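Below is one structure, written out as structure tokens; comments come after it.
This is a predicted model, so every value here is computed, not measured. The figures that follow rest on heavy atoms only: side chains count, while hydrogens, waters and symmetry mates do not. To find a chain, count down the sequence lines: A is the first, B the second, and so on, and within it residues start at 1.
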Amino acid sequence: MKSEPNVYSIDDLEREKRTIWDGVRNYQARNYLQQMQVGDIAFFYHSNCKSPSIVGLMMIIEANLPDPTQFDPKSSYFDPKATVEHPRWFTVRVQYQEKFSQVISLTTLKTKFSGDELLIVRKGNRLSVIPVAEEIAHKIRLL
DNA sequence: GCCAACGTTGGC
DNA sequence: GCCAACGTTGGC
């Protein structure tokens, strides 16, 4: 799961302990969010920054929540076509798990994995929520 | 700041 | 349904 560190970083999550992952407005990313289940582990990825990297881990503690920002006219994520009865955007609540003592940079990931193995290293990838195969995730954690 | 790679929008 | 125009993402 990607976040721009100048918007919301792993340090923010460490301080707050838990947060709702709001603001995702891409249907494919939403579909991946909806597949998540309580207890699932996710990588926290810092994007659009000096050294894009996986920086830590978090756990899904609530699944399939309507993203509240879609109902808020003052939010930049407001969606006029969404209603409380028929929400359009769903997300999860996550809990801080750990911050890696050594981050795993995109550069490193590219040397270890192909675009087929790990979508984040695939050229042109822009999805902010991306599935990682169990065995690949295991290998990443051993880096 | 640049630009490739998308996704979305809207005219037709 | 097609596709040009436009907006956004995100690495570099």
Check: With the sugar-phosphate defined as primed atoms, P, OP1 and OP2, and the base as all remaining atoms, what B/S/- string results for nucleotides 2-9 of chain C, 5' to 3', for protein heavy atoms under 4.0 Å?
Finding: -----BBB
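With sequence neighbours excluded, the residues forming a side-chain hydrogen bond (donor to acceptor under 3.5 Å, both in side chains) with A/Arg93 are A/Glu62, listed by chain and number. In this structure, A/Tyr77 has no side-chain hydrogen bond (donor to acceptor under 3.5 Å, both in side chains) partners at least two apart in sequence or on a different chain. By the side-chain hydrogen bond (donor to acceptor under 3.5 Å, both in side chains) test, A/Asn31 pairs with no residue at all, sequence neighbours left out. Here A/Gln34 pairs with A/Asn64 under the side-chain hydrogen bond (donor to acceptor under 3.5 Å, both in side chains) rule; sequence neighbours left out.
Under the salt bridge (Lys or Arg N to Asp or Glu O under 4.0 Å) criterion, the residue pairs touching residues 112-123 of chain A are A/Asp116-A/Arg122, with sequence neighbours excluded.
The interatomic distance linking A/Ile54 (CD1) with C/dG10 (P) rounds to 14 Å, in whole Å. The nearest whole Å value for the distance from the CD1 atom in A/Ile120 to the C1' atom in C/dG10 is 10 Å. Across the protein-nucleic acid pair, A/Leu109 atom CG and C/dG11 atom P stand 11 Å apart, rounded to whole Å. Atom CG of A/Leu106 and atom C1' of C/dC12 are 10 Å apart (whole Å).
Sequence order on DNA chain B of the closest nucleotides to A/Lys123 and A/Tyr27 puts A/Lys123 first from the 5' end.
Within the 4.0 angstrom heavy-atom criterion, only backbone atoms of the sugar-phosphate kind lie near A/Lys110; the bases stay farther away.
Within the 4.5 Å cutoff, no side-chain heavy atoms of A/His46 are placed close to those of A/Tyr8.
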